[in-house]
Amino acid sequence: MARVLSLGEAVAELVHDGDTVALEGFTHLIPVEAGHEIIRQGRKNLTLVRMTPDIVYDQLIGAGCASKLIFSWGGNPGVGSLHRFRDAVQHGWPVPLEIEEHSHAGMANRYVAGASGLPFAVLRGYTGTDLPAQTDTIKPITCPFTGEQLTAVPALNPDVTIIHAQRADRAGNVQLWGIAGVQKEAVLAAKRSLVTVEEVVDELEPRPGAVVLPTWAVTAVAEAPGGAKPSYAAGYYERDNSAYQAWDPIGRDREEFTKWLNELTGVKA
């Protein structure tokens with residue numbers, strides 16, 4: 001059963017050095033404030049997982065929280081590259097970063113396999129691409145019924161998955177709507193899970209198309225109004241495009257990034 005905690009308490013309890021951590025969200029409901037709390041608490045040697053790492057992953061990598069990234073696309077959406085990510089891969093700053101690259105379909109199917117209690121997923125999508133030659137976790141497999149050559153990818157079972165949603169009730173049931181991405185699958189695949197929400201309410205009102213994660217599937221809920229900004233939360237606020245644009249010059253420069261990091265963590269220059 002999910003417990004309602006403060007964000008600081010939840011991160012302290014659920015996210016440990018060396019963990020595999022997924023912060024999922026697809027353009028929408030990205031758990032940015034939770035990522036910032038991980039930085040503030042100084043977590044290290046994390047394996048970060050996400051289909052589409054954007055600026056919060058750039059920030060986590062630049063802060064030295066990550067030693068590995070498992071992903072299928074990375075960038076500052078609508079703007080360009082993630083420069084802290086690039087610096088870590090190319091120059092090992094602030095620490096070297098190992099990467100494991102998949103397709104979107106491969107990542108989604110890995111979460112589904114993890115949520116289903118299966119050891120791997122099978123798909124056709126890697127055929128004809130160069131990814132199997134670059135990524136050790138993509139292996140050929142022969143269909144036992146047709147003899148077709150397919151590819152297998154191992155299940156993803158993060159130590160902790162973190163997502164953002166619109167609401168939870170006081171019993172820890174979570175409700176989200178809008179673009180859902182793979183949040184549900186990522187939570188169900190994880191050993192532990194944290195959902196930050198815009199608000200905790202007495203009762204969840206039914207909404208067409210909403211996803212409800214029951215309290216038994218969630219470890220902890222933390223109220224974090226605005227916790228997805230600068231991404232958006234349907235029904236609460238819009239995407240702040242200017243924030244993504246403003247990140248580019250900060251991320252490009254180690255000195256500017258260090259100033260940003262010191263401000264986030266309260267370290268005096």
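Since we're looking at a predicted model, the values are computed, not measured. Only heavy atoms go into these numbers, but all of them, side chains included; no hydrogens, no water, no symmetry mates.
Contact check for I179 versus T27: side-chain heavy atoms found under the 4.5 Å cut-off. Contact of the L176 side chain with the K184 side chain is not registered, since no non-hydrogen atoms from C-beta on lie closer than 4.5 Å. Between D159 and H16 there is no side-chain heavy-atom pair separated by less than 4.5 Å. Using a 4.5 Å heavy-atom threshold, the side chains of V153 and Y126 count as touching. Inter-residue side-chain proximity for I39 and T265 is flagged as met; some heavy-atom pair is nearer than 4.5 Å. Contact check for V89 versus I99: side-chain heavy atoms found under the 4.5 Å cut-off. Proximity of R110 to P154: side-chain heavy atoms (C-beta onward) are separated by under 4.5 Å at one or more points. Counting heavy atoms from C-beta outward, M1 and V218 have side chains that stay 4.5 Å or more apart.
Under a hydrophobic clustering in which Ile, Leu, Val, Met, Phe, Trp and Tyr are joined whenever their side-chain heavy atoms come within less than 4.5 Å, directly or via other members, L7 and L23 fall into the same cluster. Linking ILVMFWY residues whenever their side-chain heavy atoms come closer than 4.5 Å, directly or via other members, leaves V182 and L69 in distinct clusters. Under the 4.5 Å side-chain heavy-atom criterion for Ile, Leu, Val, Met, Phe, Trp and Tyr, V221 and I38 are members of distinct hydrophobic clusters. One hydrophobic cluster holds both L48 and W247 under the rule that ILVMFWY side chains link at heavy-atom gaps under 4.5 Å. Hydrophobic clustering, with ILVMFWY side chains joined whenever heavy atoms are under 4.5 angstrom apart, keeps L60 apart from F26.
Summarising the geometry, atom CG belonging to N157 is positioned 10.5 Å from atom OH belonging to Y111; distances are rounded to the nearest 0.5 Å. Note that CE of M107 and CH2 of W73 are 13.5 Å apart. Values are rounded to the nearest 0.5 Å. For the atom pair CG (L188) and CG (L213), the distance works out to 6.5 Å, reported to the nearest 0.5 Å. Within the model, atoms CG of D17 and CG of L46 stand 7.0 Å from one another, a figure rounded to the nearest 0.5 Å. With rounding to the nearest 0.5 Å, the separation of NZ in K259 from CZ in R254 is 15.5 Å.
Applying the side-chain hydrogen bond (donor to acceptor under 3.5 Å, both in side chains) rule to pairs touching residues 31-53 yields E33-R40, H36-Q59, E37-R40, E37-Q41, Q41-R43, N45-S67, R50-D54, sequence neighbours excluded. For residues 217-235, no pair satisfies side-chain hydrogen bond (donor to acceptor under 3.5 Å, both in side chains), with sequence neighbours left out.
Proximity of a side-chain donor or acceptor of Y57 to a complementary backbone N or O of L82 within less than 3.5 Å is not detected. No donor-acceptor distance shorter than 3.5 angstrom exists from the side chain of S193 to the backbone of T161, with no hydrogens or angles considered. Checked by atom type and distance alone, the side chain of N173 never pairs as donor or acceptor with a backbone atom of D169 at under 3.5 Å. Side chain of N76 to main chain of I55: no donor-acceptor pair is present (N/O by atom type, distance under 3.5 Å, no hydrogens or angles). With hydrogens and angles ignored, the 3.5 Å screen pairs a side-chain donor or acceptor of T127 with a backbone N or O of R124. In this structure a side-chain-to-backbone donor-acceptor pair under 3.5 Å is present from S103 to G106. Side chain of E13 to main chain of A10: no donor-acceptor pair is present (N/O by atom type, distance under 3.5 Å, no hydrogens or angles). With hydrogens and angles disregarded, no donor-acceptor distance shorter than 3.5 Å links the side chain of H164 to the backbone of G25. A side-chain donor-acceptor contact under 3.5 Å links T146 to the backbone of E148. Judged purely by atom type and a 3.5 angstrom limit, D58 uses its side chain to pair as donor or acceptor with the backbone of R84.
Environment of CD in E238: sparse, with no more than 12 heavy atoms of neighbouring residues, nucleotides or ligands closer than 6.0 Å. Within a 6.0 Å sphere centred on CZ of R239, heavy atoms belonging to other residues, nucleotides or ligands number more than 12. For Y244, the OH atom is densely surrounded, since the number of other residues' heavy atoms within 6.0 Å is greater than 12.
Under a 4.0 Å N-O distance rule, the pair R170/E203 does not qualify as a salt bridge. Taking a cutoff of 4.0 Å between a charged side-chain nitrogen and a carboxylate oxygen, E100 and K68 qualify as a salt bridge.
Across all their heavy atoms, A165 and V195 have their closest contact at CB-CG1, 3.9 Å. Listed here is the closest heavy atom pair of Y237 and G227: OH-N, 3.5 Å. A22 approaches P158 most closely through the heavy-atom pair CB-CG, 4.0 Å. In terms of heavy atoms, R192 sits closest to D19 at NH2-OD2, 2.8 Å. Across all non-hydrogen atoms, the minimal contact from P230 to A243 is CB-CB, 3.5 Å. In terms of heavy-atom proximity, P31 sits nearest to E24 at CD-O, 3.3 Å.
If you check the side chains of T258 and E255, you find no donor sitting under 3.5 Å from an acceptor. Between the side chains of H102 and S72, no donor-acceptor pair is found at a separation under 3.5 Å. The closest side-chain donor-acceptor pair between D130 and Q134 falls under 3.5 angstrom.
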Between L97 and I61, is the side-chain contact (heavy atoms from CB on, under 4.5 Å) condition met? List the steps. CA-CA 8 Å; L97 183 71; I61 291 165; 3.8 Å; yes
Report the C-alpha distance between T20 and V49 in whole Å, list the side-chain angles of each, state the deciding distance to 0.1 Å, and finish with yes or no for side-chain contact (heavy atoms from CB on, under 4.5 Å). CA-CA 7 Å; T20 296; V49 184; 3.5 Å; yes
Please determine whether side-chain contact (heavy atoms from CB on, under 4.5 Å) holds for the pair L29 and I163, giving the CA-CA distance in whole Å, both sets of side-chain angles, and the decisive distance to 0.1 Å. CA-CA 7 Å; L29 296 175; I163 66 168; over 6 Å; no
I would like to know whether T142 and L150 meet side-chain contact (heavy atoms from CB on, under 4.5 Å); could you show each step before the answer? CA-CA 6 Å; T142 302; L150 302 167; over 6 Å; no
Could you walk me through whether S6 and E9 satisfy the side-chain hydrogen bond (donor to acceptor under 3.5 Å, both in side chains) test, starting with their C-alpha distance in whole Å, then the side-chain angles of each, then the deciding distance to 0.1 Å, before giving a yes or no? CA-CA 5 Å; S6 72; E9 290 171 334; 3.2 Å; yes
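In this structure D248 satisfies the salt bridge (charged side-chain N to carboxylate O under 4.0 Å, His left out) test together with R252, sequence neighbours excluded.
Remark: of the listed residues E198, Q166, E199, E199 is the sole one forming a side chain to side chain donor-acceptor pair (under 3.5 Å) with Y236. For the side chain to side chain contact (heavy atoms under 4.5 Å, CB included) test with L194, the passing option among I162, V21, V15 is I162; the others fail.
For F257 and W260, the gap between ring centers is short of 6.0 Å.
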